[in-house]
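Letters go in sequence order (proteins before strands), and every chain restarts at 1. Since we're looking at a predicted model, the values are computed, not measured.
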There are 2 protein chains.
Amino acid sequence: MDELFTNIGSKLTLSQKIERKIEAAIREKKLPVGSKLPTERELCGAFGVSRTALREALRRLSARGLIEITKGSGMTVTGFKVDDAIKTMDLYYDMQFDQNLIPQIIEVRRLFEPQIAGLAAAQRTQNDLSDIQENIELFRACDPDNIQLESDLDNKFHLLIARATHNPIVQITMEPIYSLLPRMRNFIYASVDDEKEVTHESHLLIFDAINKQKHTDATKAMNEHLDRTYEIYKRYLHTTFEK
Amino acid sequence: MDELFTNIGSKLTLSQKIERKIEAAIREKKLPVGSKLPTERELCGAFGVSRTALREALRRLSARGLIEITKGSGMTVTGFKVDDAIKTMDLYYDMQFDQNLIPQIIEVRRLFEPQIAGLAAAQRTQNDLSDIQENIELFRACDPDNIQLESDLDNKFHLLIARATHNPIVQITMEPIYSLLPRMRNFIYASVDDEKEVTHESHLLIFDAINKQKHTDATKAMNEHLDRTYEIYKRYLHTTFEK
DNA sequence: ACTTGTAAGATGTATTACAAATTTAAACTA
DNA sequence: TAGTTTAAATTTGTAATACATCTTACAAGT
């Protein structure tokens with residue numbers, strides 16, 4: 001009797017059923033991206049439900065990034081672009097943020113970023129190069145006492161390289177991680193003295209390889225750069241907890 | 001007059017303001033995961049808004065996976081776990097799915113999976129090993145005419161290795177990709193003849209390296225395995241479009 | 001041609017009422 | 001007393017109506 005009588009009533013609320021119907025229509029391109037949805041009144045009539053139930057379904061869809069609602073104007077199908085996915089990942093990392101997420105993030109960076117640098121060397125455009133170069137210059141020129149700006153620029157450097165791959169999946173994977181790094185600054189970045197000079201040199205090396213489209217060199221340079229970050233992290237753990 | 005008269009109204013709807021307030025409370029752990037929210041009526045009183053506006057805010061939060069609403073019972077703060085993030089990524093890939101997503105996915109796999117195999121060699125447990133071994137055995141024994149099962153097992157193999165890293169970020173990155181692969185089967189997998197034997201051999205090689213915790217060998221074996229996949233893909237493109 | 005005013009149409013919010021599910025506690029039975 | 005049933009109270013879900021606010025289009029006026 002366990003398996004027999006389960007799942008009879010769908011247990012979904014009416015507004016959830018409506019949500020799924022519209023979502024399915026969007027996924028199947030029956031409602032193509034950019035098209036306008038019928039008005040609320042029309043949809044109420046079509047589904048045969050009250051405006052309350054319909055609107056709650058629409059709120060769900062807009063919260064998830066599937067549609068966009070403009071007061072006075074109407075509703076349009078919005079595609080669900082890279083930024084929506086990145087925001088969701090941001091939320092995830094925010095909720096999961098704790099001490100033991102840090103080693104996991106470092107692990108992923110050491111795993112992926114050298115490869116990313118290698119791909120960037122192959123795919124980068126002139127725009128990418130000038131963006132990275134500008135970032136390096138800003139980093140070099142910034143006040144050594146301004147730890148916040150310094151580490152922000154450092155993160156931006158890695159972000160720009162990820163974007164230079166021109167692969168949106170790489171972006172979605174890495175951008176939420178970079179936006180999380182500022183919160184780890186107190187754990188890692190601040191504990192070093194002559195950090196800035198060494199970082200600047202590393203960045204130059206990486207940029208040079210990407211500029212010259214030397215795939216292997218870029219991978220290697222990024223690898224060594226992150227190895228140093230890891231050493232700093234380990235040193236921090238040592239000085240803080242071991243005593 | 002440029003700076004003076006800009007940005008007066010926040011342009012956020014009331015329900016969006018409410019959504020952000022509650023979201024902030026959750027992110028700041030003022031509403032810890034697992035705790036129950038006040039009832040709708042209480043929240044209406046607290047915020048001084050109508051039930052309509054409040055409920056639309058709550059619909060948004062539940063759609064995004066931040067809270068769970070149970071009819072008759074109440075509302076609780078849910079964790080926003082790995083599965084929520086994966087579902088979002090699934091939606092993204094579903095919406096972006098087109099011809100040129102395929103090369104991007106292949107690119108990411110060739111970029112990341114060898115590294116993942118290397119990490120798996122270091123982190124795998126006995127459970128991981130037996131799971132992978134079972135998968136290999138099922139693959140070997142499956143009917144060669146059952147293309148569907150065959151490619152599902154193939155995907156599962158790679159999924160198990162990603163899990164063997166025991167790094168949730170790796171999971172979130174790769175799992176949505178694997179769940180997308182079945183839709184690419186028609187594009188890639190089916191066009192090969194003696195695919196199964198070769199795949200089986202490759203999988204054995206990779207497993208062996210992971211089993212013996214040989215980091216470099218695992219990376220290399222996975223690399224070669226994916227190179228072959230890429231060759232198949234190129235061959236498919238050639239035979240299909242070029243003529 | 002440009003600005004302003006007006007009306008129509010769309011989404012946003014408020015209110016009231018009731019339906020349906022769950023929880024709680026009382027009443028009842030063995 | 002322990003367990004079960006019943007009933008009431010609580011909570012979320014849906015409906016219906018009214019009005020507010022924003023957008024757009026178009027007409028009117030300068």
Side-chain angles (χ1 to χ4, degrees), chain A residues 1 5-23 25-26 31 33-79, chain B residues 1-2 5-23 25-26 31 33-78:
Chain A
M1 159 155 175
F5 302 111
T6 59
N7 211 17
I8 299 227
S10 67
K11 277 175 185 173
L12 286 177
T13 66
L14 183 54
S15 65
Q16 281 172 322
K17 291 180 197 166
I18 301 171
E19 178 192 13
R20 297 204 173 181
K21 275 208 168 194
I22 299 178
E23 178 181 350
I26 294 176
L31 291 172
V33 171
S35 65
K36 286 188 78 75
L37 272 74
T39 68
E40 290 183 351
R41 257 91 181 183
E42 287 171 326
L43 287 173
C44 288
F47 288 119
V49 298
S50 75
R51 213 178 144 214
T52 308
L54 176 75
R55 278 179 60 84
E56 300 204 338
L58 295 172
R59 291 293 93 78
R60 280 203 178 82
L61 291 167
S62 89
R64 294 171 54 205
L66 282 158
I67 68 175
E68 191 172 85
I69 308 176
T70 311
K71 179 172 175 180
S73 174
M75 304 176 285
T76 56
V77 181
T78 58
Chain B
M1 157 154 175
D2 291 341
F5 302 109
T6 60
N7 210 14
I8 302 244
S10 68
K11 278 174 186 173
L12 283 179
T13 67
L14 184 54
S15 66
Q16 282 172 323
K17 292 180 196 165
I18 300 171
E19 177 191 14
R20 297 202 175 183
K21 273 209 167 193
I22 299 178
E23 178 181 350
I26 293 176
L31 292 173
V33 171
S35 65
K36 285 187 80 74
L37 272 74
T39 67
E40 290 184 351
R41 258 90 180 181
E42 286 170 325
L43 287 173
C44 288
F47 287 119
V49 298
S50 75
R51 219 183 134 208
T52 309
L54 176 76
R55 276 179 62 84
E56 301 204 339
L58 296 172
R59 290 292 92 75
R60 279 203 179 81
L61 291 167
S62 88
R64 295 171 53 204
L66 281 158
I67 67 174
E68 193 172 84
I69 308 176
T70 311
K71 180 174 176 180
S73 175
M75 304 175 286
T76 58
V77 180
T78 61

Minimum heavy-atom distance A:Leu14-A:Ala53, with the two atoms named: CD2-CB, 4.2 Å
Over all heavy atoms of both residues, which pair between B:Leu12 and B:Lys17 is shortest? Give the atoms and the distance, please. O-CE, 3.7 Å
Between B:Glu68 (CD) and C:dT22 (P), how many Å, whole number? 13 Å
Got A:Arg51 and A:Arg41 here, is their nearest side-chain heavy-atom distance under 4.5 Å? yes
Contacts to DNA chain C from residues 51-66 of chain A, heavy-atom cutoff under 4.0 Å, which residues? A:Arg51, A:Arg55, A:Arg59
From [X] atom [atom1] to [Y] atom [atom2], the distance as rounded to the nearest 0.5 Å:
X	Y	atom1	atom2	answer
A:Arg55	A:Ser62	CZ	OG	10.0 Å
B:Glu23	B:Arg64	CD	CZ	4.0 Å
B:Leu58	A:Arg59	CG	CZ	13.0 Å
B:Leu37	B:Ile26	CG	CD1	6.0 Å
A:Thr39	A:Leu54	OG1	CG	9.5 Å

Does anyone know the first and last nucleotide of DNA chain D in reach of chain B, 5' to 3', at under 4.0 angstrom to a heavy atom? D:dT11 to D:dT14
Quiz: residues 65-77 of chain B side-chain donor-acceptor pairs under 3.5 angstrom, not counting sequence neighbours:
none

A:Ser15: side-chain hydrogen bond (donor to acceptor under 3.5 Å, both in side chains) partners, not counting sequence neighbours: A:Thr13, A:Arg60
So does B:Lys21 have more than 12 non-hydrogen atoms from other groups sitting under 6.0 Å from NZ? no
To the nearest 10°, give me the bend of the helix from C:dA1-D:dT30 to C:dA30-D:dT1, comparing the axes of its five terminal pairs at either end. 0°
What's touching nucleotides 5-10 of chain C from the protein side, N or O pairs under 3.5 Å?
{"residue": "C:dG9", "atom": "N2", "partner": "A:Gly72", "partner atom": "O", "Å": "3.4"}

